[in-house]
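To keep things clear, I will list the structure first and then write my remarks on it.
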Number of protein chains: 2
Amino acid sequence: MKKVTIHDIAKELNITFSSVARALNDHPSISAATKEAVREVAKRLNYQQNKVASALRSGRSNVIGVMVPNLGATFFNSIILGIETVMNENGYTILLYQSSESSNHETKGIDTFLQSRVDGIISSIAMGTKDLQHYYEIKKNDIPLLLFDRAVDELGVPTVRIDDYRGGFLAAEHLIKNGCKRIVHISADQNVKSFKERFKGYKDALKQYNRPLEKELIFYGKPSIELGRDCIKQLHEKKIDFDGLFAFEDYTALGVMQQLKEYNIKVPDEIRVIGFANEAFGAYISPSLSTIDQQSVKMGEEAAKLFLKLNKDHHYYDNPPEQIVLEPILIERESSHI
Amino acid sequence: MKKVTIHDIAKELNITFSSVARALNDHPSISAATKEAVREVAKRLNYQQNKVASALRSGRSNVIGVMVPNLGATFFNSIILGIETVMNENGYTILLYQSSESSNHETKGIDTFLQSRVDGIISSIAMGTKDLQHYYEIKKNDIPLLLFDRAVDELGVPTVRIDDYRGGFLAAEHLIKNGCKRIVHISADQNVKSFKERFKGYKDALKQYNRPLEKELIFYGKPSIELGRDCIKQLHEKKIDFDGLFAFEDYTALGVMQQLKEYNIKVPDEIRVIGFANEAFGAYISPSLSTIDQQSVKMGEEAAKLFLKLNKDHHYYDNPPEQIVLEPILIERESSHI
DNA sequence: ATGAAAGCGCTAACAG
DNA sequence: CTGTTAGCGCTTTCAT
């Protein structure tokens with residue numbers, strides 16, 4: 001079945017194909033009668049606009065490239081949900097790419113986006129990315145770029161993230177207010193900005209409430225259940241005394257709770273625990289896990305909205321890059337309650 | 001910055017743009033020397049192929065439309081992960097669309113896919129979809145269509161799903177083997193095929209082990225924690241005796257466990273519970289939840305692979321539609337163990 | 001092995 | 001209000 005084009009419609013009506021095109025695009029200088037007739041024939045012939053041709057000619061594709069480090073993470077899936085919802089309402093479609101935290105894949109994805117002539121790119125930078133060359137390439141091509149979560153100021157593009165510092169502060173403050181005197185913090189690789197910020201929030205909360213920062217209460221590792229268990233084992237072996245624990249992400253906090261249970265140490269009675277990220281499981285384990293919500297769906301929505309706002313008049317890069325910072329939300333559950 | 005095209009490269013080398021095109025596409029009848037030279041200049045000028053033009057002319061876009069009912073569900077996110085991984089390795093990019101379980105949205109999405117001249121569509125049908133018109137439209141356009149999970153035979157297209165019947169059977173059989181005499185089943189809307197099949201598996205397991213099917217042990221409702229709690233409340237009020245429970249999905253099973261805990265009924269000692277879907281939280285609650293794994297990532301991978309295989313020689317619809325049925329996997333955890 | 005030429009289906013500037 | 005015309009950047013057939 002040969003695809004029907006505007007030429008077929010034109011022939012049917014004895015008008016030119018450009019009139020048809022205008023009618024279909026609801027151009028003001030086309031009579032209502034013609035529009036009506038064109039639409040009728042278009043429907044009858046089952047016409048489908050060829051967006052590829054349209055994109056080639058007009059230079060606009062109505063496609064947005066969305067790049068995430070990891071499609072396996074709830075956080076990024078929620079972001080995609082937010083972006084897709086808003087973008088779709090505004091007539092854009094999502095071209096999806098996963099960098100798998102690799103700079104190479106990321107570069108390939110961005111190449112694909114540029115080659116596909118996307119109208120913009122919304123991305124969260126892969127952990128493996130040191131050289132930002134491929135991101136500069138986007139700007140050089142004058143393609144709107146927006147970064148979320150794993151953002152970096154150096155690029156000078158709009159960003160949406162949450163206030164990790166504030167999240168860390170809230171978590172630590174919450175434990176302090178719940179009577180904790182010696183609060184352990186488990187963190188990770190300090191060149192991931194969010195983790196560093198959470199740590200900083202913790203430190204400043206201690207300072208503000210006149211608590212000392214104690215080296216023996218700080219741990220580092222890779223986000224995992226195992227990390228949490230290990231830390232508790234170490235604390236136990238070294239007989240280090242503590243009554244609160246703030247883990248930089250929920251799975252680590254989960255490991256902590258599991259290991260404490262094995263040692264028969266009661267949460268929250270003896271140790272109060274809080275995580276970060278508000279993973280789905282936290283509400284269902286017992287005791288349920290207090291945590292900091294990152295508003296991931298909202299982050300996606302805000303990213304899309306900011307993008308659309310800045311792109312409205314096609315002066316995306318004209319002003320200093322706007323930065324949206326979302327408030328983290330303290331979720332108080334059983335694990336931290338006195 | 002004006003985009004560089006094959007014409008620019010041609011000018012630079014004093015050859016025609018068609019030679020450049022051929023060189024870049026590694027056409028056999030181009031000398032190695034020319035190819036080399038072209039590639040060098042292309043790199044130097046930072047040439048980026050315009051896929052839009054290529055797609056328009058060739059009729060192939062290397063884009064696959066992926067439609068899911070709900071981007072908020074872990075299940076579909078895992079499927080997307082599987083599809084993206086395999087498709088990406090094979091040079092395809094994913095155009096993503098969410099139907100939100102609405103037939104209208106779904107139709108709009110499929111229109112977009114067709115207008116974007118995708119090379120194929122991989123979809124899971126929205127719950128709200130009764131009329132399959134828009135899916136027939138895809139076939140009429142001779143665009144390869146593959147359905148996963150929410151598949152329907154009527155369309156006569158390749159499908160990938162898990163054996164829900166077998167899953168239901170495995171779940172019920174597992175409870176029987178763990179000594180359960182009276183097994184409750186919670187299901188839902190029986191016009192969702194998967195749910196009906198799970199129920200059928202349950203019934204046949206009972207039959208095979210010479211257990212009667214008892215109406216008072218069967219419940220229906222909308223997948224939710226509340227549903228699980230409600231059922232337990234009803235069973236409790238009516239003082240119905242039971243020692244096993246198979247919920248058609250994990251959140252319902254979670255509600256069951258929560259309510260049993262409130263009644264101080266011990267799982268698994270007094271009641272053994274199993275869910276379906278292997279949601280992330282199941283491993284972390286206590287007692288941990290036994291369930292049936294749906295192999296969602298694998299389902300996505302298999303969908304992509306089958307699509308690619310059938311599309312290899314561009315005779316996608318030439319043979320009777322291939323059906324892949326994945327085996328559900330019984331995950332034995334604490335909630336069902338004697 | 002390379003060149004010439006046509007055209008995919010549309011948008012948009014210009015002309016009337 | 002409608003028609004004419006010229007491409008967008010590429011693939012591909014037919015010549016040479």
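Residue numbering restarts at 1 for every chain, and letters A, B, ... go by the order of the sequence lines.
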So, do B/Met87 and B/Ile94 sit near enough that their side-chain heavy atoms are less than 4.5 Å apart?
yes
Looking only at side-chain N and O atoms, does A/Ser19 come under 4.0 Å of OP1 or OP2 in D/dG3?
yes
Electrostatic pair B/Arg161-B/Glu302, nearest N-O below 4.0 angstrom:
no
Taking the nucleotide of DNA chain C with the closest heavy atom to each, which residue, B/Leu56 or B/Asn14, is nearer the 5' end?
B/Asn14
In whole Å, what is the span from the CG atom of A/Leu114 to the C1' atom of D/dG9?
16 Å
Any donor-acceptor pair under 3.5 Å linking the side chain of B/Gln98 with the backbone of B/Leu71?
yes
For D/dT11 and B/Gln49 - does any side-chain N or O of the residue sit under 4.0 Å from the phosphate oxygens OP1/OP2?
yes
Report yes if at least one side-chain N or O of B/Thr16 is closer than 4.0 Å to OP1 or OP2 of C/dG3; otherwise report no.
yes
Nearest 0.5 Å, what's the CG-CD1 distance between B/Leu95 and B/Ile122?
12.5 Å
Between the main-chain N or O of B/Gly72 and the side-chain N or O of B/Asn70, is there a donor-acceptor pair closer than 3.5 Å?
yes
From NE2 of B/His7 over to P of D/dG7, roughly how many Å is that when rounded to an integer?
12 Å
NZ/NE/NH1/NH2 to OD/OE distance under 4.0 Å, B/Lys140 and B/Glu137
yes
Run through B/Asn311, B/Leu310, B/Asp318 and flag the one making a side-chain contact (heavy atoms from CB on, under 4.5 Å) with B/His314.
B/Asn311
Within this structure, what is the NZ-to-C1' distance between A/Lys51 and C/dC8, rounded to whole angstrom?
18 Å
So B/Ser29, base contact, sugar-phosphate only, or nothing? Heavy-atom distance under 4.0 Å.
base
What integer distance in Å separates B/Asp8:CG from D/dG9:C1'?
11 Å
Roughly how many Å is it from CG in B/Asn62 to P in D/dT11, rounded to a whole number?
11 Å
Tell me which of A/Thr34 and B/His27 sits closer to the 5' end of DNA chain D, going by the nucleotide each one is nearest to.
A/Thr34
Which nucleotide in the set C/dT2, D/dC10, D/dC8 lies at the smallest distance from any side-chain heavy atom of B/Ser31?
C/dT2
Please determine if a side-chain N or O atom of B/Arg60 lies less than 4.0 Å away from the OP1 or OP2 oxygen of D/dT12.
yes
Would you tell me if any nitrogen or oxygen in the side chain of A/Asn50 comes within less than 4.0 Å of OP1 or OP2 on C/dC8?
no
Taking atom C1' of D/dC10 as reference, at what distance in whole Å does atom CD1 of B/Ile6 sit?
5 Å
What does the list of N/O pairs under 3.5 Å between the protein and nucleotides 13-16 of chain C look like, with a distance for each?
unit_1, atom_1, unit_2, atom_2, d
C/dA13, N6, A/Arg22, NH1, 3.2

Rounded distance (Å) that lies between atom C1' of C/dT2 and atom CG of B/Leu24:
15 Å
Give the rounded distance in Å between these two atoms: CZ of A/Arg57 and C1' of D/dA6.
7 Å
Between B/Lys305 and B/Glu89 (salt bridge meaning N to carboxylate O under 4.0 Å), is one present in this structure?
no
Let me know, please, whether A/Phe17 or B/Ser58 comes out on the 5' side of the other along DNA chain C by nearest nucleotide.
B/Ser58
